[in-house]
Amino acid sequence: MNIRTRFAPSPTGFLHIGGARTALFCWLYARRHDGRFILRIEDTDRERSTQPAVQAILDGMQWLGLDYEEGPFYQTQRFERYRLVAAQLLEQGKAYHCYCTKQELEQMRAEQLARKQKPRYDGRCRERREPRPGVQPVVRFKNPVDGQTVVDDLVRGRVVFDNRELDDLIIARSDGTPTYNFTVVVDDMDMRISHVIRGDDHLNNTPRQMNIFEALGAPPPRYAHLPMILGPDGAKLSKRHGAVSVMQYREDGYLPEAVINYLVRLGWSHGDQEIFSREEMIRYFDIQDVNQSASAINPEKLLWLNQHYIQHGDAGKLAAELAWQLARIGVRAEDPEKLAAVVRAQQERAKTLKEMALASRFFFEEFADYDPKAADKNLTADILPGLEDVRARFAALAEWKAAGIHQALEASVSAMQLKFGKLAQPLRVAVCGGGISPPIDVTLEILGRDITLARLDRALRWISARRA
RNA sequence: GCUCCCUUCGUCUAGAGGCCUAGGACGGAGCCCUCUCAAGGCUUAAACACGGGUUCGAAUCCCGUAGGGAGCGCCA
């Protein structure tokens with residue numbers, strides 16, 4: 001069997017965490033089975049669909065590395081096809097024109113609700129032959145009135161719906177445009193989708209869609225309904241949480257590998273394994289192992305994964321992202337060698353690239369003022385001789401390398417009869433402006449001798465000036 | 001209201017009737033290491049929603065209860 005999956009977002013907003021997870025699972029399933037992954041943009045709601053949203057979805061998928069073999073297909077470009085299929089259904093008596101007005105429908109709904117019934121269309125136009133003057137009709141699908149529709153869901157198991165719970169849904173609006181449940185079926189049929197993997201919220205739509213497949217004489221695909229993703233508080237995902245563009249994660253300094261790895265473990269697992277390379281995900285992914293219950297986002301775990309991927313990432317590749325982050329805070333950094341050296345020095349102490357950029361400014365530009373607390377504590381008169389001594393040793397060093405720098409520091413420390421930290425920390429504040437940096441020797445190596453000496457002089461002057 | 005779905009540490013999860021004194025991970029706590037910040041190492045607290053069955057035996061199967069969620073549009 002040819003496995004064909006699709007991701008079918010409607011471009012009414014950005015690609016958020018929930019959508020990205022759905023896309024990921026579709027992609028994984030196709031990859032796992034040497035199938036094809038199709039992207040389809042469900043833009044039939046012209047009011048709410050926007051081009052920027054389409055672009056955001058495309059960008060998000062690209063950033064996450066979710067590539068597709070076919071598409072993007074746009075439903076708005078397939079209206080002719082939907083019209084044709086609707087006409088066919090009409091002709092076969094499997095659909096009919098309905099002339100009920102919105103007011104009538106609203107009233108019907110209100111009455112049903114008042115009777116504590118489930119609101120549903122009662123089929124009053126089913127047998128109508130004559131058009132109603134002045135009313136543009138909609139087309140309704142003639143849903144079976146009895147029997148059951150069984151969804152043999154790959155993650156939920158067997159779910160049974162009574163057809164009498166379903167009503168005759170509208171497949172074409174009065175302006176002739178098709179509606180969601182209809183276009184989905186036509187497309188899934190035409191695109192020969194073998195597996196529909198989508199959010200839980202569509203489980204209730206599934207029997208309707210299966211009935212349309214049936215009417216069209218086409219075999220329905222297999223279905224797999226994924227559990228929802230909740231916000232960290234267990235409530236529905238909102239803009240505050242993860243319902244922001246996945247691109248926001250890039251801006252916040254996250255790596256796509258981390259986001260993907262985080263997402264794959266939401267509702268899916270492979271024993272106790274937490275870290276998955278793309279290859280491993282593909283190799284192990286199986287819908288059988290998908291959970292049935294909703295899961296809440298845990299930002300701390302995402303952060304941990306991000307840190308993991310920063311820590312184990314290739315310095316050269318991370319350097320490019322770091323440069324991007326630095327540029328965002330107005331710091332120019334062009335030397336790839338230096339950037340990579342900074343990454344190597346920082347990669348085990350940054351949870352995000354944004355954080356790394358913030359902590360690395362001093363490598364690329366002069367800092368304005370010392371951090372007051374750090375300066376008060378470390379840049380004091382009594383350390384003046386130590387700093388002068390170490391400055392002289394640095395100036396005399398034949399080679400500017402971390403090992404040599406460290407030796408010079410040690411020599412100074414013993415000559416001054418200090419503890420290592422007593423000299424290292426003031427030195428750190430002198431060259432970094434604050435009390436936090438990678439190990440002092442590698443920090444100095446990256447900074448270079450000229451800048452190190454210049455900043456030491458600056459500190460020396462600052463201390464003297466302050467004492468005076 | 002009706003229909004459908006879900007329920008293991010705070011969170012993500014392992015668990016397919018005995019391997020469970022319920023395992024791992026994030027986060028938390030403690031200790032160690034240490035030139036700062038980290039990283040790392042070790043230790044630790046923390047859960048089978050509840051009630052009935054079935055069975056020699058249930059986190060695992062069945063039924064109920066409670067709680068949570070989704071859907072019920074000329075939205076997707």
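In what follows, chains are A, B, ... by sequence order, proteins preceding strands, each numbered from 1. The basis for the numbers below is simple: all heavy atoms, side chains too, and nothing from hydrogens, waters or symmetry mates. The structure presented is a predicted model; accordingly, all values stated were derived computationally and were not measured.
- The separation between F276(A) atom CZ and A25(B) atom P is 14 Å, rounded to whole Å.
- Using P as the reference atom, A66(B) and C26(B) are 39 Å apart when rounded to the nearest Å.
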N/O contacts under 3.5 Å, protein versus nucleotides 5-12 of chain B?
{"residue": "C5(B)", "atom": "O2'", "partner": "R156(A)", "partner atom": "NH1", "Å": "2.3"}
{"residue": "C6(B)", "atom": "OP1", "partner": "Q292(A)", "partner atom": "OE1", "Å": "3.3"}
{"residue": "C12(B)", "atom": "OP1", "partner": "A296(A)", "partner atom": "N", "Å": "2.8"}
{"residue": "C12(B)", "atom": "O2'", "partner": "R265(A)", "partner atom": "O", "Å": "2.8"}
{"residue": "C12(B)", "atom": "O2", "partner": "K301(A)", "partner atom": "NZ", "Å": "3.4"}

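- Heavy-atom contacts from other residues, nucleotides or ligands closer than 6.0 Å to CZ of R158(A) number 12 or fewer.
- Between A38(B) and C61(B), the two P atoms lie 45 Å apart (nearest whole Å).
- Rounded to a whole angstrom, the distance from the C1' atom of G30(B) to that of A45(B) is 11 Å.
- For G28(B) and U21(B), the P atoms lie 31 Å apart once the distance is rounded to whole Å.
- With hydrogens and angles left out, the side-chain atoms of K354(A) and Q325(A) include no donor and acceptor closer than 3.5 Å.
- If you take NE2 of H270(A) and P of G24(B), they are 18 Å apart, rounded to a whole angstrom.
- Between the CG atom of D272(A) and the C1' atom of C26(B) there is a distance of 14 Å, given to the nearest Å.
- Here C9(B) sits opposite no nucleotide as a Watson-Crick or G-U wobble pair (both hydrogen-bonding atom distances under 3.5 Å).
- The salt bridge (charged side-chain N to carboxylate O under 4.0 Å, His left out) check on R458(A) picks up E366(A), with sequence neighbours excluded.
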I'd like to compare against my own output: the B/S/- annotation of nucleotides 32-44 of chain B with a strict under-4.0 Å heavy-atom distance to protein. ---BBBBS-----
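- Nearest to the side chain of K118(A), among A14(B), A70(B), G1(B), sits G1(B).
- The pair K301(A)-E274(A) counts as a salt bridge, with a side-chain nitrogen and a carboxylate oxygen less than 4.0 angstrom apart.
- Map K116(A) and V135(A) each onto its nearest nucleotide of RNA chain B; the residue landing nearer the 5' end is K116(A).
- Contacts of H202(A) with the nucleic acid, taken as non-hydrogen atoms under 4.0 Å apart, include base atoms.
- The CZ-C1' distance, from R48(A) to G73(B), rounds to 11 Å in whole Å.
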Review item, side-chain donor-acceptor pairs of residues 137-144 of chain A, under 3.5 Å, at least two apart:
{"residue": "R140(A)", "atom": "NH1", "partner": "D168(A)", "partner atom": "O", "Å": "2.7"}
{"residue": "K142(A)", "atom": "NZ", "partner": "G93(A)", "partner atom": "O", "Å": "3.3"}
{"residue": "N143(A)", "atom": "OD1", "partner": "N211(A)", "partner atom": "ND2", "Å": "3.1"}

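- Taking atom CZ of residue F161(A) and atom P of nucleotide C4(B), one finds them 8 Å apart after rounding to whole Å.
- In this structure, D162(A) atom CG and C72(B) atom C1' are separated by 15 Å, rounded to whole Å.
- Across all strands shown, C72(B) pairs with G1(B); the Watson-Crick or G-U wobble distances both stay below 3.5 Å.
- More than 12 non-hydrogen atoms from other residues, nucleotides or ligands lie less than 6.0 angstrom from CD of Q112(A).
- For F73(A), there are no ring pair (Phe, Tyr, Trp, His ring centres under 6.0 Å) partners, not counting sequence neighbours.
- The base of A76(B) has none of its N or O atoms less than 3.5 Å from a complementary donor or acceptor on the side chain of D43(A).
- The nearest whole Å value for the distance from the CD1 atom in I275(A) to the P atom in A25(B) is 11 Å.
- Set against A76(B), C74(B), A14(B), the side chain of T44(A) has A76(B) as its closest nucleotide.
- With both pairing distances under 3.5 Å, U65(B) is matched to A49(B) as a Watson-Crick or G-U wobble pair.
- In this structure, Y74(A) has no ring pair (Phe, Tyr, Trp, His ring centres under 6.0 Å) partners at least two apart in sequence or on a different chain.
- Nucleotides A46(B) and A22(B), compared at atom P, are 11 Å apart to the nearest Å.
- The same atom, C1', is picked in A14(B) and in U60(B); the two are 13 Å apart, to the nearest Å.
- Atom P of nucleotide C72(B) and atom CE of M108(A) are separated by 17 Å, given to the nearest angstrom.
- In this structure, A59(B) forms no base pair with any nucleotide, since neither Watson-Crick nor G-U wobble geometry is met with both distances under 3.5 Å.
- In this view, Y284(A) and H270(A) satisfy the ring pair (Phe, Tyr, Trp, His ring centres under 6.0 Å) rule, not counting sequence neighbours.
- Base pairing of C31(B): its partner is G41(B), meeting the Watson-Crick or G-U wobble criterion (both donor-acceptor distances under 3.5 Å).
- Pairing of U54(B), defined by two Watson-Crick or G-U wobble distances under 3.5 Å, is not identified with any nucleotide.
- Residues passing the ring pair (Phe, Tyr, Trp, His ring centres under 6.0 Å) test with F363(A), sequence neighbours excluded: none.
- Note on T179(A): every side-chain N or O is 4.0 Å or more away from OP1 and OP2 of C74(B).
- In this view, D152(A) and R222(A) satisfy the salt bridge (charged side-chain N to carboxylate O under 4.0 Å, His left out) rule, not counting sequence neighbours.
- A47(B) and C5(B) have their C1' atoms separated by 23 Å, given to the nearest Å.
- Using atom C1' as the reference point in both C63(B) and C12(B), the two lie 31 Å apart (nearest Å).
- Side-chain polar atoms of T352(A) and N306(A) form no donor-acceptor pair below 3.5 angstrom.
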